[in-house]
There are 2 protein chains.
Amino acid sequence: MKNEKLENLRHSAAHLLAAAVMKLWPDTKHAIGPVIDDGFYYDFELAKPLSEADLPKIEETMKEIVKSWKGFERHEVSADEARTEYKGNPYKRELIDEFAGEGQKLTIYQSGEFRDLCRGGHCPHPNNDLKHFKLMSLAGAYWRGNEKNTMLTRIYGTAFPTKKDLDEYLTMREEAKKRDHRKLGQELELFTFSDLVGKGLPLWLPKGTIIRNEIEKLAIEMEDKFEYLRVSTPHVAKEELYLTSGHLPYYKNSMYPPMVMDDGTYYLKSMNCPHHHIIYLDKPRSYRDLPLRLAEYGTVYRNELSGTLAGLLRVRMLSMNDAHIYCTADQVEQEVTRVIELTAYYYQLFGLKDYWFRLSLWSPEHKEKYIDEPENWKHAQDVMRKILKKLNLPFEEAEDEAAFYGPKLDVQFKSVIGREESLSTIQLDFLAKSRFKLSYIDAHGKENGQVFVIHRAPLSVHERFMAFVIEHYAGAFPAWLAPIQVRIAAVGKDHQAYCHELAVLLKTMHIRADVDDDNETVGNKIRKASNEKIPYTLVVGDKELQSAKLAVRIRGEQKVVEIDKGKFVENLKKKIKSRSSDLLF
Amino acid sequence: MKNEKLENLRHSAAHLLAAAVMKLWPDTKHAIGPVIDDGFYYDFELAKPLSEADLPKIEETMKEIVKSWKGFERHEVSADEARTEYKGNPYKRELIDEFAGEGQKLTIYQSGEFRDLCRGGHCPHPNNDLKHFKLMSLAGAYWRGNEKNTMLTRIYGTAFPTKKDLDEYLTMREEAKKRDHRKLGQELELFTFSDLVGKGLPLWLPKGTIIRNEIEKLAIEMEDKFEYLRVSTPHVAKEELYLTSGHLPYYKNSMYPPMVMDDGTYYLKSMNCPHHHIIYLDKPRSYRDLPLRLAEYGTVYRNELSGTLAGLLRVRMLSMNDAHIYCTADQVEQEVTRVIELTAYYYQLFGLKDYWFRLSLWSPEHKEKYIDEPENWKHAQDVMRKILKKLNLPFEEAEDEAAFYGPKLDVQFKSVIGREESLSTIQLDFLAKSRFKLSYIDAHGKENGQVFVIHRAPLSVHERFMAFVIEHYAGAFPAWLAPIQVRIAAVGKDHQAYCHELAVLLKTMHIRADVDDDNETVGNKIRKASNEKIPYTLVVGDKELQSAKLAVRIRGEQKVVEIDKGKFVENLKKKIKSRSSDLLF
């Protein structure tokens with residue numbers, strides 16, 4: 001729910017917050033209090049610093065005050081009247097000067113005793129509507145975001161129409177915190193960052209590298225099945241390549257700075273496509289070569305501003321599950337269908353059921369934004385629609401949202417914490433053929449320049465996909481992804497040798513196993529394995545030494561179960577091979 | 001054989017070449033004729049252009065002339081005498097001015113009627129010794145390599161003491177041409193270069209990528225067996241990292257130019273080690289964590305001058321079979337031994353029997369060139385020697401050839417065309433620990449800073465190793481490396497369906513197979529498969545349709561043999577899995 005009514009509610013809550021703070025600390029100068037994505041905030045200049053511990057008191061005051069707020073009264077005032085009212089408040093004065101300068105009439109809204117300069121947009125009956133709010137956090141914020149200005153105190157809060165909505169939001173927030181890939185990435189030793197290496201450049205630790213490699217193995221296996229050919233292209237190229245592709249100058253701001261070498265100017269790769277086009281051009285292609293599907297876990301580099309970098313979600317080096325399909329106009333339908341099939345397989349494997357497609361189209365009204373090939377636009381868009389209908393897939397259309405070079409199809413889904421996300425994209429490109437003079441010899445021996453290129457990345461980039469996978473499983477990965485699949489816990493010293501024997505046996509079977517022979521209780525060992533979210537823990541004591549049975553503790557289960565050693569190994573191998581997400585035997 | 005005697009022989013041959021050219025075209029001005037690695041050359045200013053077709057005639061004249069050359073007479077002359085003798089030859093005049101300027105006495109050597117300005121160094125009896133020579137090629141060359149000077153004609157030749165030596169050299173040269181990785185790389189569609197992408201930056205085509213990936217798979221499998229942990233680190237890093245490691249400023253000339261971003265200066269990775277050290281430092285290490293072996297197919301970048309780039313042997317982006325082993329002083333012996341074992345396994349797999357080790361030591365006399373830790377030098381070198389002796393490996397020692405940070409052990413071998421090469425290196429490093437403050441907590445809970453780092457790259461870098469592999473097998477790869485393992489050739493239209501059925505069956509078994517259903521004769525199809533050096537060609541006609549037998553043509557064999565289908569698949573799978581280099585069943 002994100003609509004005007006909700007925004008009005010939250011905007012009213014911002015008024016209420018200001019009223020409470022002014023009541024508690026009358027020396028306060030209140031600045032501005034806008035609505036944001038998840039709620040609202042208000043900035044204050046306070047005589048004394050606040051701490052998180054003050055928030056409940058403010059909330060209490062808010063609840064007290066709102067009882068008398070029956071509505072918001074609108075008062076039109078002149079700029080001078082407003083200046084008089086806010087004569088001690090430089091922030092409001094600045095705003096008044098700005099609004100008055102624009103020749104605008106000013107409005108002040110009043111509820112109870114509290115008045116605030118405001119353009120309006122409130123809930124009608126605050127004493128009734130405004131009950132389910134919560135103050136979330138405190139932060140410092142420069143007035144108007146400019147570090148030359150005074151540092152104000154910002155109080156964040158949120159509000160919902162019902163208690164249920166608020167509770168759900170708070171639960172989701174807690175869940176999101178628990179699942180935060182940065183937190184789990186550190187706890188589970190998956191990746192790290194270093195100031196010496198630089199921002200936005202994760203270093204993958206051994207356990208994270210295992211997951212990365214498993215995902216890459218999955219992609220390679222599936223792309224092999226779907227008849228892609230793998231290639232490998234350099235990470236730098238001359239500016240001439242990116243001038244040909246058009247990335248220069250249009251995309252220059254996102255690219256790393258140029259490097260001048262003795263034979264020209266080089267750039268770090270911003271996209272894989274131009275490199276794949278060069279491979280397409282390496283020899284004359286015949287209609288018998290098409291569709292040609294070139295795949296690469298290609299690394300691309302983005303010069304993001306350091307301030308915008310966050311965990312794995314925004315990085316400066318990306319390993320992309322990339323491929324480009326070169327095909328004729330007639331083959332577009334079959335090829336896009338196959339890509340959707342591949343994508344659907346992945347979504348099913350990762351247990352994402354609730355997804356839909358977003359088809360971004362051109363706009364005949366804004367032709368300047370798009371490559372001028374109306375027939376190809378029509379053909380491509382019709383084909384895309386036809387496929388989605390034929391496969392009976394839910395989709396929405398977004399006019400005037402296509403790429404410059406063709407329509408695109410994004411897969412949207414609701415994440416485990418309810419956030420709408422997009423990982424996969426399928427894009428049609430009818431610009432590349434003219435920029436790179438892509439062509440093929442048709443069945444009649446004639447050269448044909450109508451080579452369509454499909455860009456696709458169903459598994460996104462390693463960095464984003466790993467963030468997704470960590471959050472999705474909250475770090476409790478299915479066996480095939482788990483860095484350690486089996487932990488073998490020795491009860492005592494006498495059991496260690498057998499534990500190591502078991503570990504060797506499992507490793508021979510390509511099962512990732514390790515031994516915990518620390519000088520600790522079994523209880524502690526099980527707790528450690530549980531914290532590390534290891535799928536299977538084998539407890540080895542006297543009994544296990546004397547039989548062919550294993551005592552297996554499956555992650556998430558309380559009971560330790562007895563399983564025949566051979567059966568355990570066989571079943572686990574099967575689970576890993578089928579990439580099952582179910583740990584139970 | 002590369003010694004003074006051989007150089008004297010070749011220098012004499014250069015005189016003889018000049019004598020022949022001057023006799024055939026008396027207007028010629030002869031410039032200089034030095035000895036080079038494989039033979040000699042002489043530069044001439046000729047009145048009319050020569051072509052390769054003239055070389056036999058010159059050779060004949062050389063053979064004629066040499067009969068009368070009983071020795072080389074030495075004549076001392078003054079500069080003025082020399083100037084008079086060469087008054088029409090600006091090249092010799094320039095040399096005379098230079099030598100005379102240095103106050104040197106000049107010598108002219110004479111054989112038969114031919115006199116040449118020369119410092120000496122000839123074979124004693126040319127009419128006897130100088131019989132086995134050959135002129136190889138022609139090229140244009142600027143006088144003294146300066147493009148502002150006259151373009152001269154350079155004639156290359158070689159000479160050997162015996163006919164056998166010469167023949168062997170010519171055979172090897174032919175073989176080297178046939179095996180040239182650039183030629184085969186293009187013919188077999190393994191890799192390509194593009195002017196748009198830039199020099200020294202190979203693009204790996206699908207077939208080359210298969211071989212690359214097979215080699216990488218081998219490395220990963222073996223490193224897994226040898227208990228390495230895989231990591232993955234970014235390809236760029238801040239200058240602070242390389243200042244800490246010391247690559248900056250010492251190595252700056254080999255690095256790509258810096259890239260200034262909004263939060264500092266970044267460089268493309270020149271080495272993987274600093275990145276791995278950061279991973280070592282990610283958490284406190286205990287003696288129980290050591291040895292810690294971090295492996296990565298790490299990509300490094302070298303700013304080589306564009307003029308020096310050649311095929312895969314000198315490139316600007318290298319994918320290195322890299323790893324760093326962190327261990328205590330006591331563990332060095334065991335760890336170096338294990339690396340040698342791993343290396344020996346690879347050499348055996350690729351059929352390299354004739355290899356030896358080169359141990360590069362420090363020099364106590366040139367202490368300024370080496371890290372000042374005499375005890376560690378002694379310990380490390382003693383350990384290396386001890387291992388080599390214990391394993392009974394042939395090795396030579398090279399004093400004053402170590403790296404700054406420790407001794408190194410290179411593996412040398414004779415390539416198939418008789419060239420001495422080195423692919424693998426093992427290096428000990430006792431500098432990293434102080435630069436990065438590497439340490440561990442010992443068994444008594446005390447911090448210990450004596451962390452030894454072993455750098456090792458047994459499979460070198462993909463680019464060099466691929467060049468080696470291509471040359472080594474002359475493109476006729478063993479089944480496990482062959483991009484296409486089985487070619488299925490349909491005799492006629494009626495057999496195509498069964499061919500495709502067979503291909504699907506083989507692919508399911510993870511055997512790389514394709515179908516040749518071109519409208520051609522079977523003879524042609526077999527010839528194509530042979531040119532592509534495909535290990536197995538299945539010929540499918542009526543007979544095969546009606547039985548469970550396959551008609552198999554094994555690469556290098558003339559006869560087509562009948563093999564049971566099931567047996568063929570099973571045996572081939574075994575051969576691939578064991579990485580056998582033998583194709584025969």
note = Heavy-atom closest pair (K199(A) atom, Y266(B) atom, distance to 0.1 Å) is N-OH, 3.4 Å

remark   = Closest non-hydrogen atoms of P234(A) and P202(B), given as atom of the first, atom of the second and distance, are CD-O, 3.4 Å

message = Counting only non-hydrogen atoms closer than 4.5 Å, does F191(A) touch chain B with its backbone (N, CA, C, O), its side chain (CB onward), both, or neither?
response = neither

inquiry  = Is there a side-chain contact (heavy atoms from CB on, under 4.5 Å) between R230(B) and W204(A)? Walk through the geometry before answering.
reply    = CA-CA 9 Å; R230(B) 302 207 77 76; W204(A) 293 93; over 6 Å; no

task = Measure the spacing between CD of Q186(A) and NZ of K283(B) and express it to the nearest 0.5 Å.
result = 12.0 Å

ask   = Under a 4.5 Å cut-off applied to non-hydrogen side-chain atoms, are S194(A) and I279(B) in contact?
value = no

key: Heavy atoms from other residues, nucleotides or ligands near NZ of K437(A) exceed 12 (cutoff 6.0 Å)   = no

ask   = Given that the side chain runs from C-beta out, which part of P274(A) has a heavy atom under 4.5 Å from chain B: side chain, backbone, both or neither?
value = neither

remark   = Taken to the nearest 0.5 Å, the spacing of I278(A) CD1 from L203(B) CG works out to 7.0 Å

query = In terms of heavy-atom pairs under 4.5 Å, which option from V260(B), D195(B), L201(B), T299(B) contacts chain A the most?
reply = L201(B)

ask   = Can you tell me if CD on Q496(B) sees more than 12 non-hydrogen neighbours from other groups inside 6.0 Å?
value = yes

query = Do side-chain atoms of D262(B) reach the backbone of S306(A) as a donor and acceptor pair under 3.5 angstrom?
reply = yes

request  = Take atom NZ of K217(B) as the centre, draw a 6.0 Å sphere, and report whether it contains more than 12 heavy atoms from other residues, nucleotides or ligands.
outcome  = no

inquiry  = Please determine whether side-chain contact (heavy atoms from CB on, under 4.5 Å) holds for the pair R316(A) and V236(B), giving the CA-CA distance in whole Å, both sets of side-chain angles, and the decisive distance to 0.1 Å.
reply    = CA-CA 9 Å; R316(A) 280 177 165 172; V236(B) 281; 6.0 Å; no

ask   = Does the pair V197(A) and T233(B) meet the rule for a side-chain contact (heavy atoms from CB on, under 4.5 Å), with working shown?
value = CA-CA 10 Å; V197(A) 173; T233(B) 61; over 6 Å; no

request  = Measure Y242(A) against the heavy atoms of chain B and call it side chain, backbone, both or neither at under 4.5 Å.
outcome  = neither

key: Pick from E296(A), E189(A), K269(A), K507(A) with the largest number of heavy-atom pairs that fall under 4.5 Å of chain B   = E189(A)

message = Could you go through D517(A) and R288(B), starting from their C-alpha distance and side-chain angles, then the distance that decides it, and tell me whether this counts as salt bridge (Lys or Arg N to Asp or Glu O under 4.0 Å)?
response = CA-CA 11 Å; D517(A) 51 13; R288(B) 301 186 63 176; 3.2 Å; yes

inquiry  = What part of E239(A) gets within 4.5 angstrom of chain B, counting heavy atoms only: side chain, backbone, both, or neither?
reply    = neither

request  = Answer yes or no: is there a side-chain heavy-atom contact under 4.5 Å between L268(A) and M259(B)?
outcome  = yes

ask   = Which bit of L243(B) comes within less than 4.5 Å of chain A, counting heavy atoms only: side chain, backbone, both or neither?
value = neither

note = chain A shares the most heavy-atom pairs under 4.5 Å, among G198(B), S232(B), P257(B), A295(B), with S232(B)

ask   = About how many Å separate CZ of R512(A) and CG of D224(B), when rounded to the nearest 0.5 Å?
value = 9.5 Å

message = Quick check on the interface: out of H275(A), E240(A), H235(A), who has the most heavy-atom pairs with chain B under 4.5 Å?
response = H235(A)

Most contacts with chain A, counted as non-hydrogen pairs under 4.5 angstrom, among L196(B), I210(B), T192(B) = L196(B)

